[in-house]
Amino acid sequence: MVAVVTMAIAFLAFPPGAAVALDLEEAMERAATNTEAAEILRLRIDAADGRRRAALGALLPTLDASVGITRNDRQVELGDRTFTSLWDTSAQIQARVDLFRGPAIPQWLAARTGVDVATETARWERARLRMMAADAWVTILTAVANVDVASDNLDLATESLAQTRARLETGFGLNADVALARTAVLDAEAELLAARRVLEDALDTLAFLVREDALALEQLAQTGPSLADAAGVDGPTADIAALELEEEAARRQVQAEHFNFLPTLSLAGTYHFGPSSVRAPDGRYWTVTLAATWRVFDFARYGRLQEARAERDIAGLRTEQAERERDRDLRAADRRIAETAARLELREEALLAAMESRELVASRFELGEATALELTQADSALFAARTRLNLAVLERARAELEAAWLRGALQDED
């Protein structure tokens, strides 16, 4: 299980729904375990295990059976004995085992390490899928808040239009003021349409990540997101572990190529069934063969050894590079967390200032001391301030989510 704590997402919440079908933790787990991408990860582990079993087969005995029928040109007889039959049938069973074949053990160890590589890679990819689901979740939260902001902005614009028309009827307004206020209402309606479209897109993204045909807002839990605690986790991540295991497997392959220079020692036992002969009057006999095979010269193995050494060195460099990239990304993530937290405070202050300014302009407008242009500008400034605040909350959540992912807090337990 992933260690989970609540991360507060201020100002954002789902509206009340009839039933709760999906919360964040469930969405993250479904994205990581119940999708096509998750199934592909499981199959990759299964394929790696198949390669391990195939490599193990080189260490185990083999059993072969064969049957043959031979048509000779003539039958040769001497007295009551048949030396050559017109038809000869034969069968044999052979059990064979390599007592020593140098590359087999390192290759099997490399294949076994390959299973661990696939497992660690899957852990890291599942963590990424969880992060994508959580990101979609906080995006939905922001989209919901932006729809509310756009709706409130439309209400304000409608109210301003009504006030402007009232001033025109009393002789204190101008037709141009009404047209300006009407334009502001149309702009607010367009903003609301755009906000709803963004919300629908975010819901569709989450539905895709959790393998649903569609999701409605009412199907989601009315709670803020719970994300892994980035501060409490700072250990080796599965992507680095996978690279280290790849380096180990590459070293095993180098060992295997070195062992190719040694002879192979094998033991084979064969039991024959066939026509009667001088050696075997009843047509049955057995043999046991101990053989040593040594390929004295094979130019291709020098190329394979060169390739294996290069792959080993590449694996080591990839591990070093990934570790340095992780350290760099963590430093950048920490800077983003600090920067987005500071920006959020500024956006909160800006919102308070925009609200105060709007109230003052509205009061002056009622007294005839402010124009319709000033009122619509104050409405627009308030809408922009609220939208920027929601965006700042989203950026902070994404920064903390990225840090949690980079520190391995979203991956499965080892």
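Heavy-atom basis, side chains included; hydrogens, waters and symmetry copies ignored.
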Any chance CD of Gln306 has more than 12 other-residue heavy atoms, nucleotides or ligands included, within less than 6.0 Å? no
Salt bridge between Glu36 and Arg211, side-chain N to carboxylate O under 4.0 Å? yes
Quick one: does Asn146's side chain get under 4.5 Å of Val198's, heavy atoms only? no
Short N-O contact, Arg130 and Asp412, less than 4.0 angstrom: yes
Measure the CZ-CG distance between Arg251 and Asp313 for me, rounded to the nearest 0.5 Å. 11.0 Å
As an exercise, state the distance from CG of Leu109 to CD of Gln253, rounded to the nearest 0.5 Å. 10.5 Å
If you compare all heavy atoms of Leu406 against all heavy atoms of Thr237, which two are closest, and at what distance to 0.1 Å? O-CG2, 3.3 Å
Do the side chains of Asp116 and Arg112 get close enough for a salt bridge, i.e. N-O under 4.0 angstrom? no
Take a 6.0 Å sphere around CZ of Arg42 and say whether it holds more than 12 heavy atoms from other residues, nucleotides or ligands. yes
Passes salt bridge (Lys or Arg N to Asp or Glu O under 4.0 Å), Asp98 versus Arg96? Steps please. CA-CA 7 Å; Asp98 287 336; Arg96 184 179 184 278; 2.9 Å; yes
Going by side chain to side chain donor-acceptor pair (under 3.5 Å), name the pairs with one or both residues in residues 51-67, residues two or more places apart or in two chains. Asp49-Arg52
For Ser160 and Arg358, work out which heavy atoms get closest and say how close. OG-NH2, 3.3 Å
Check Arg30 with Glu212, please: is the shortest side-chain N to carboxylate O separation under 4.0 Å? yes
Separation between OG1 (Thr113) and CD (Glu244), nearest 0.5 Å, reads 12.5 Å
Under the side chain to side chain donor-acceptor pair (under 3.5 Å) rule, what do Arg398 and Thr139 come out as? Steps first, then yes or no, please. CA-CA 9 Å; Arg398 283 177 167 169; Thr139 301; 2.9 Å; yes
Check the surroundings of atom CZ in Phe273: do more than 12 heavy atoms from other residues, nucleotides or ligands lie under 6.0 Å from it? yes
Rounding to 0.5 Å, atoms CG (Leu129) and OG1 (Thr33) come to a distance of 9.5 Å
Should Asn153 and Leu382 count as side-chain neighbours, where that means a heavy-atom distance under 4.5 Å? no
With the side chain counted from C-beta on, respond yes when Val393 and Thr142 share a heavy-atom pair under 4.5 Å apart, and no when they do not. no
Got more than 12 heavy atoms from elsewhere within 6.0 Å of CD, Glu356? no
Are Thr264 and Trp294 close enough that some pair of their side-chain heavy atoms sits under 4.5 Å apart? no
For Arg347 and Ala385, indicate whether the former's side chain and the latter's backbone hold a donor-acceptor pair under 3.5 Å. no
Looking at side-chain heavy atoms only, is the closest gap between Val210 and Leu215 below 4.5 Å? yes
Approximate separation, where rounding is to 0.5 Å, of Leu56 CG and Leu60 CG: 4.5 Å
Taking atom CZ of Arg304 as the centre, does the number of heavy atoms from other residues, nucleotides or ligands within less than 6.0 Å exceed 12? yes
Check the pair Gln219 / Leu22 against side-chain contact (heavy atoms from CB on, under 4.5 Å), numbers first and verdict last. CA-CA 6 Å; Gln219 294 177 262; Leu22 186 68; 5.7 Å; no
Would you name the heavy atoms of Ala250 and Arg312 that are closest together and state the gap between them? CB-CA, 3.5 Å
Between Phe261 and Tyr302, does the ring centroid distance fall short of 6.0 Å? yes
Electrostatic pair Asp298-Arg295, nearest N-O below 4.0 angstrom: yes
Less than 4.5 Å apart, side chain to side chain, heavy atoms only: is that true for Asp135 and Trp137? no
Between Met28 and Leu24, does the side-chain contact (heavy atoms from CB on, under 4.5 Å) criterion hold? Intermediate values first, please. CA-CA 6 Å; Met28 293 171 69; Leu24 176 65; 3.9 Å; yes
From CA spacing to verdict: salt bridge (Lys or Arg N to Asp or Glu O under 4.0 Å), Asp334, Arg407: CA-CA 11 Å; Asp334 290 338; Arg407 286 190 165 91; 3.0 Å; yes
I'd like to know if Arg386 pairs up with Asp152 as an ion pair, taking the criterion as any Lys NZ or Arg NE/NH1/NH2 lying under 4.0 Å from an Asp or Glu carboxylate oxygen. yes
List the steps and the verdict of salt bridge (Lys or Arg N to Asp or Glu O under 4.0 Å) for Arg123 and Asp239. CA-CA 8 Å; Arg123 287 181 63 213; Asp239 61 329; over 6 Å; no
Under a 4.0 Å N-O cut-off, is there an ion pair linking Glu402 with Arg336? yes
Start with the C-alpha gap between Leu220 and Ile140, add the side-chain angles, then the distance that decides, and say whether side-chain contact (heavy atoms from CB on, under 4.5 Å) holds. CA-CA 10 Å; Leu220 305 183; Ile140 290 173; 4.0 Å; yes
Hey, what do you get for CG (Leu243) to CG (Leu317), rounding to the nearest 0.5 Å? 11.5 Å
Distance under 6.0 Å and angle within 45° of ring axis: Arg128 vs Trp124: no
Start with the C-alpha gap between Ile337 and Arg396, add the side-chain angles, then the distance that decides, and say whether side-chain contact (heavy atoms from CB on, under 4.5 Å) holds. CA-CA 6 Å; Ile337 289 175; Arg396 186 193 66 175; 5.8 Å; no
Scan for salt bridge (charged side-chain N to carboxylate O under 4.0 Å, His left out) pairs involving residues 264-274, sequence neighbours excluded, and state none if there are none. none
Closest contact, heavy atoms only, Ile45 versus Ala122: CD1-CB, 3.8 Å
Between Phe259 and Phe100, how do the two ring planes meet: parallel, tilted or perpendicular, split at 30° and 60°? perpendicular
Can you tell me if CZ on Arg44 sees more than 12 non-hydrogen neighbours from other groups inside 6.0 Å? no
State, yes or no, whether a side-chain contact exists between Leu373 and Gln377 at a heavy-atom distance under 4.5 Å. yes
Are there over 12 heavy-atom neighbours, none belonging to Ile105, within less than 6.0 Å of that residue's CD1? no
Determine the minimum heavy-atom distance between Leu375 and Ala362, stating which atoms define it. CD1-CA, 4.0 Å
Identify the residue among Glu349, Glu348, Glu395 that makes a salt bridge (charged side-chain N to carboxylate O under 4.0 Å, His left out) with Arg343. Glu395
Heavy-atom nearest pair, Leu206 first then Ala27, reads CD1-CB, 4.4 Å
With a 4.5 Å heavy-atom cut-off, do Leu391 and Thr387 have their side chains touching? no
Donor-acceptor contact below 3.5 Å, side chain Ser151 vs main chain Val147: no
Would you call Arg328-Glu325 a salt bridge at under 4.0 Å N-O? no
